[in-house]
Amino acid sequence: MKEQDVCALLGIAQGTLRNWRVSGCGPRFCKLTGSAVRYPRQLLEDWLNACSRRSTSEGAR
């Protein structure tokens with residue numbers, strides 16, 4: 001998926017996704033030739049599943 005598609009799906013700004021990419025806290029991505037970045041759908045789904053919580057008091061996994 002392209003960056004803008006991921007941002008639309010998650011409801012976040014592109015700058016936020018880019019910051020996550022730099023800090024390593026966002027979904028895994030693939031760096032293609034040049035500056036092209038793509039997010040394979042399965043990696044995005046895996047990341048979302050890892051972020052899921054049952055309550056607000058549940059700690060990070």
Side-chain angles (χ1 to χ4, degrees):
M1 297 177 67
K2 292 182 178 181
E3 185 179 84
Q4 59 266 29
D5 298 326
V6 174
C7 291
L9 179 69
L10 298 178
I12 60 171
Q14 285 184 318
T16 299
L17 186 60
R18 290 175 184 153
N19 288 339
W20 288 355
R21 199 164 55 234
V22 169
S23 67
C25 68
R28 295 181 61 85
F29 60 93
C30 294
K31 180 80 171 186
L32 306 178
T33 58
S35 61
V37 173
R38 296 294 182 268
Y39 292 84
R41 189 172 305 274
Q42 186 61 53
L43 293 179
L44 182 59
E45 289 175 10
D46 292 346
W47 178 76
L48 286 170
N49 287 331
C51 292
S52 68
R53 304 286 184 266
R54 292 191 186 278
S55 74
T56 56
S57 62
E58 186 176 345
R61 296 179 183 162

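Since the structure is predicted, the reported quantities are computational estimates derived from the model, not experimental observations. Computed from heavy atoms alone, side chains included, the values below leave out hydrogens, waters and symmetry copies.
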Mind checking what makes salt bridge (charged side-chain N to carboxylate O under 4.0 Å, His left out) contact with E3, not counting sequence neighbours? R18, R21
Separation of [Y] [atom2] from [X] [atom1] (nearest 0.5 Å):
{"X": "C30", "Y": "M1", "atom1": "SG", "atom2": "CE", "value": "13.0 Å"}
{"X": "L17", "Y": "F29", "atom1": "CG", "atom2": "CZ", "value": "9.0 Å"}
{"X": "L44", "Y": "D5", "atom1": "CG", "atom2": "CG", "value": "10.5 Å"}

Mind checking whether L10 and W20 have side chains closer than 4.5 Å, heavy atoms only? yes
For residues 30-45, which residue pairs pass the salt bridge (Lys or Arg N to Asp or Glu O under 4.0 Å) check, not counting sequence neighbours? none
Do W47 and L43 land in one hydrophobic cluster if side-chain heavy atoms of ILVMFWY residues count as linked below 4.5 Å? no
By side-chain hydrogen bond (donor to acceptor under 3.5 Å, both in side chains), Q42 pairs with (sequence neighbours left out) D46
